Each structure stands twice: as structure tokens, then as C-alpha cells.
Amino acid sequence: MPSCEQQLREQVIRAGRMMYERGWIAANDGNITARLDSERILATPAGVCKGNMLPEDLIVCDNDGNRISGQRERTTEMGMHVAVYQGRPDIQAVVHAHPPVSTGFAVAGRSLNLALMPELVVSLGSVPLADYGLPGTPALSEGMLPYIPKFNAILLANHGAVCYGESVPEAYARMETLEHLARITLVAEMLGGPKVLPRVEVEKLFAARGRYGVHVPNKLEPGSPTVAEEMPDPEEKLQVTRQQLLALIDQALRMRGVV
Ligand SMILES: [Zn+2]
């Protein structure tokens, strides 16, 4: 086995151990892949705890995700890795996990798209939410397709998260950044709601990416990330008729099962 392949296998095993130790995956969840060369992808197998893998547990697949060597079974989530590699020739590694706070946002049907902190705006921009798709079917990756060209981290509705980069450590680091962002957002919401950065500051951060050596394909667009000027104004006065107001109250009571 060439030493670069050996090194890549060790990087994948280390990332799996760190994901498991941080509680981002339970039991046999999650998967990690890395390009071995232009035609082969190194992948974690199904049915193995990613916190406790040996180099020989990993399998090698072709660019369509079919196993070409290795003893263990291929994961049913291989489709999402293949979709990323096909959509992004610059990407060398993909990490998929179910980190509890990020996944909490995903199962609540919420993206992480607020401009909250400089590091996060620079490194990720924002994190979209892809539609749910059944693992083991093409639907798993269909929801991701619109986002793959523009983002390096995607939440998967009712499932988890996928992050990718130019190396295994970079893809892993993006998952760590995503989970950190989700935790901070959750705490800010518990403390009365986050205060979002204004557009002028977010523009400066996007412009500074080159200086930090960050390669993220997304540009500042309306709602991605959402800037302060795009947030609803809590002081804004809305006019409703008496009838509309009664209908809203009635609807709210029905939703809570009061009437
Ligand atoms: Zn999964």
C-alpha cells in the first residue's frame, strides 16, 4: 500500500474516532470518504463503529460509489458522498455525521443562515437545509444538489449534516465549526434571540476571505447569510382588522388544542 494511501486511511480513522468521542455519531452512524485518486474513493464501511476502526476496515469504491475492494459492506449513504464529488472537483474529502445540535436544527426544519460571528461568516457563510431523502435511494442526495456548488456545509432535513473540504482534516473542521455555530445559535435563542450583524460588516468579512486563505464558493446573497437589515423589525406596527385578529387568536388556540 503506498504511503500516501496509508496516511489517508489514518486520517479517516482519526476523524472517525474524534466524531465518536464528541458525540456527533452513535453506534454505527456517520461516514467519511476521501479521494484516493481521480478514479477511486476511500470510504468507511457500513456496520462498524467509526470510533473504533482499523485501517483494513475501510473499503475502496469507484466514482459511482460501487465497492471495488475491501471486505466490509458499503454504506447506504454513499450516494451523498458521490453527489458531492461529482458536483465539486475541488473537494477531496466528505464527512457525514448526526451532531446533536446541528441535527436538532435539521429536524426542526431550520437552516443556520444568520450572520452571527465573524469566524463563521468567513468560514461557512451560511448553512442551508436540504430536503429530506430516504437513505439508500437517489432521494438522499437530490435535496443537496442545488447547494453542493455553493456551500461546504449542508444540513439534511430529519437526518444530520454533511461537510466537505480539500482534505479530511478540513472537512472534519467544517463539521466542528457547524456544530459550534448551532450550539451558539441555540444559546442565543434561549437568551432572547441573536443579534445579527449588519450588511456592511458582513460585506467586509466576505471580502476578507482571500486574506484568510478560505476557499468557499458562496457569495453574499439575500438571506445567505441573513443580515440585520433583513430581519423582521420587532417594533414594526402591523394593521389587522378585528375579524383577522379574532381568526388569528382562534387559529392559535386550535393549534394548542385549547378549543
Ligand atoms: Zn446519516
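Computed from a prediction, not measured in an experiment: that's the story for all the values here. First listed ligand is number 1; within each ligand, the first listed atom is number 1.
Ionic pairing of E5 and R9 is present here: one or more N-O contacts between side-chain nitrogen and carboxylate oxygen are shorter than 4.0 angstrom. Ion pairing of R22 with E176 is present here, as a side-chain N (NZ or NE/NH1/NH2) and a carboxylate O approach within less than 4.0 Å.
With respect to the Zn ion (ligand 1), E77 has OE2 as its nearest N, O or S atom.
One side chain, H159 or E77, offers a donor N or O that lies under 3.5 Å from an acceptor on the other. Counted by atom type alone, H81 and N31 present one or more donor-acceptor pairs between their side chains at under 3.5 Å.
Not one N/O/S atom of D29, from backbone or side chain, sits under 2.8 Å from the Zn ion (ligand 1).
Rounding to 10 degrees gives 100° for the angle at the Zn ion (ligand 1) between NE2 of H98 and NE2 of H159.
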